[in-house]
Amino acid sequence: MEPYYAGALSILPPIIAVVLALITKEVFSSLLLGILTGSLIYSIGIGSDMIIVSTVENAFKIMVDKVDFNIILFCSLLGALVYVISMAGGSRAYGKWAAKKIKGRRSALLSTSALGAFIFIDDYFNCLTVGTVMRPITDTYRISRAKLAYIIDATAAPICIIAPISSWAAAVGSNLKSTGAFESEMEAFISTIPWNFYALLCIIMVVMISVGNFDFGPMRRSELAAIHGESKNDNVQNEDAPTIHAQGTVLDMVIPIFALIIFAVLSLLYCGGYWGEDPAYHTIASAFGNTSAGPALVIASFAALLVAFIQFVGRRLLTLKTFMQGVIKGVQAMIPANMILVLAWAISGICRDLLETQVFIGSLVQNDAGLAGNLMPAIIFAIASFLSFSTGTAWGTFGILIPIVVTVAQAIAPSGELTIIALSATLAGSVFGDHCSPISDTTILSSAGSGCVHIEHVSTQLPYACITAISAFIGYVIAGLTLSLPLSLGSAIVVMVISLTYLHLHNSKRESIHDHYKKATQEQ
């Protein structure tokens, strides 16, 4: 299908999908209506003879074209792995063991944050693995699935975008290479890390929320519901609970997950050509830079499932029949998440491939080339945030904007001082939009990994993400004016801390989450 430049109308489909999802609390129909809206704009724009037929035909064609079956397989196999681990008794045994080691809600939240920061290789792998490992522990301390989903989401893309060895670093590096403006793409990427205010502030925000009583708005309501046993966040995975073997041990949880991590690293290196014929990829950094995350994660999840099969069936915790039944039920449990992913990919494809949203956004950036360089980082951050939120993809956003931003920054400030700051603002805005967009795959996978209703995850994390983004925006305004990292980053941190402190003092007038938890546990 040939693209059609729809101008400002190109951002209408995601806006409709987001608004409807927030109003109706039903994400499937909202995404589908957004897709059909975009397809209708395209059909009218190209002058199709049969508007209605063409609208439906184009919508489903783009849906089929944009499906990433590697990610669908990875999610399904990981769902199967989680289910059979639960059937073998591994999850329950691990939860009991961890409850003895992790004392209290604060320790559980900090442990979740630390694990999320540790798994920095790939955001998809991070989202589902952290949720699988930590969900039994957070459930033990009545931490809401919404808060678990937020911590997972806030330590996925924000961590990957500042990790030099990650699939995200490879994607950014490939886009930097295409500009031809840098002698070393890796060196340029590393230079952006201290200026990536949103990612750095996300980490600080997660630590503050884990340590202190900073719950407010929808998140506070979700926390109170979880403490009092009124939470409705459980998804399909929990509605069809498996029969759990009584003799399961902690190792029945640890060994398959550890195998998943090891195989993921090895698979990423393998797909990156580490053991291939080209010596250019015979280093870890170059192999990670050349890897393809989707196929690697499929190999890793299948290998981990095979380890679980040998471990569980070999010890007769499960029979061959019950193991395969568990695999099927685990795959079935991931169907809602997979459906949302397919619809999200479709609406993103409608915007990028058919309506040329990136051309419209790119023109906004180029038209701002005459603005003073002082304002450029903040403007770039805002535009990247909007584009990423609208299309649900950080990779697509910085892929579109990096060539434009480098050209504009070098035209405004040939010395190059502004280029790294502008690039950092591009990456930070891309991550922010991806972080809070309901059609983002990492947002969807965070919901799936934590067992949280998707739209609840979106609504509860949005206030936290917005406070972080506003603080980062102020930091970029100061960065453009002063070119000083300590002053700009310090100002952003101060703004965020003051905002959270104000909310903390406001909440101190009411009973804290800790007090509610203490009363609820004493009543039992």
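Remember, predicted model here, so these are calculated numbers, not experimental data.
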**Student:** Give a yes or no on whether the backbone of Arg142 and the side-chain of Arg105 come within a donor-acceptor separation of less than 3.5 Å.
**Tutor:** yes
**Student:** With sequence neighbours left out, what residues match Ser491 under side-chain contact (heavy atoms from CB on, under 4.5 Å)?
**Tutor:** Ile478, Leu487
**Student:** If you look at every heavy atom in Met496 and Met205, which pair is closest and at what distance?
**Tutor:** CE-N, 3.8 Å
**Student:** Backbone N or O of His457 within a donor-acceptor pair of the Ser447 side chain at under 3.5 Å?
**Tutor:** no
**Student:** Quick one: ring-ring contact (aromatic ring centres under 6.0 Å, His included) partners of Tyr150, sequence neighbours excluded?
**Tutor:** Tyr464
**Student:** Can you confirm whether more than 12 heavy atoms, excluding those of Tyr5, are under 6.0 Å from its OH atom?
**Tutor:** yes
**Student:** Determine whether the side chains of Asp434 and Ser388 contain a donor N or O and an acceptor N or O closer than 3.5 Å.
**Tutor:** no
**Student:** Do side-chain atoms of His454 reach the backbone of Pro438 as a donor and acceptor pair under 3.5 angstrom?
**Tutor:** yes
**Student:** Return yes if some donor-acceptor pair links the side-chain N/O of Ser10 with the main-chain N/O of Gly7 below 3.5 Å, else return no.
**Tutor:** yes
**Student:** Restricting to side-chain contact (heavy atoms from CB on, under 4.5 Å), what partner residues turn up for Ala296, sequence neighbours left out?
**Tutor:** Ser267, Leu268, Cys271
**Student:** Do the side chain of Thr192 and the main chain of Ser424 share a donor and acceptor less than 3.5 angstrom apart?
**Tutor:** no
**Student:** Determine yes or no for a side-chain-to-main-chain donor-acceptor pair under 3.5 angstrom, with Gln461 supplying the side chain and Asp153 the backbone.
**Tutor:** no
**Student:** Output yes when a side-chain donor or acceptor of Ser222 lies under 3.5 Å from a complementary backbone atom of Ser144, and no otherwise.
**Tutor:** no
**Student:** So which atom in Gly480 and which in Pro377 form the shortest heavy-atom distance, rounded to 0.1 Å?
**Tutor:** CA-CG, 4.1 Å
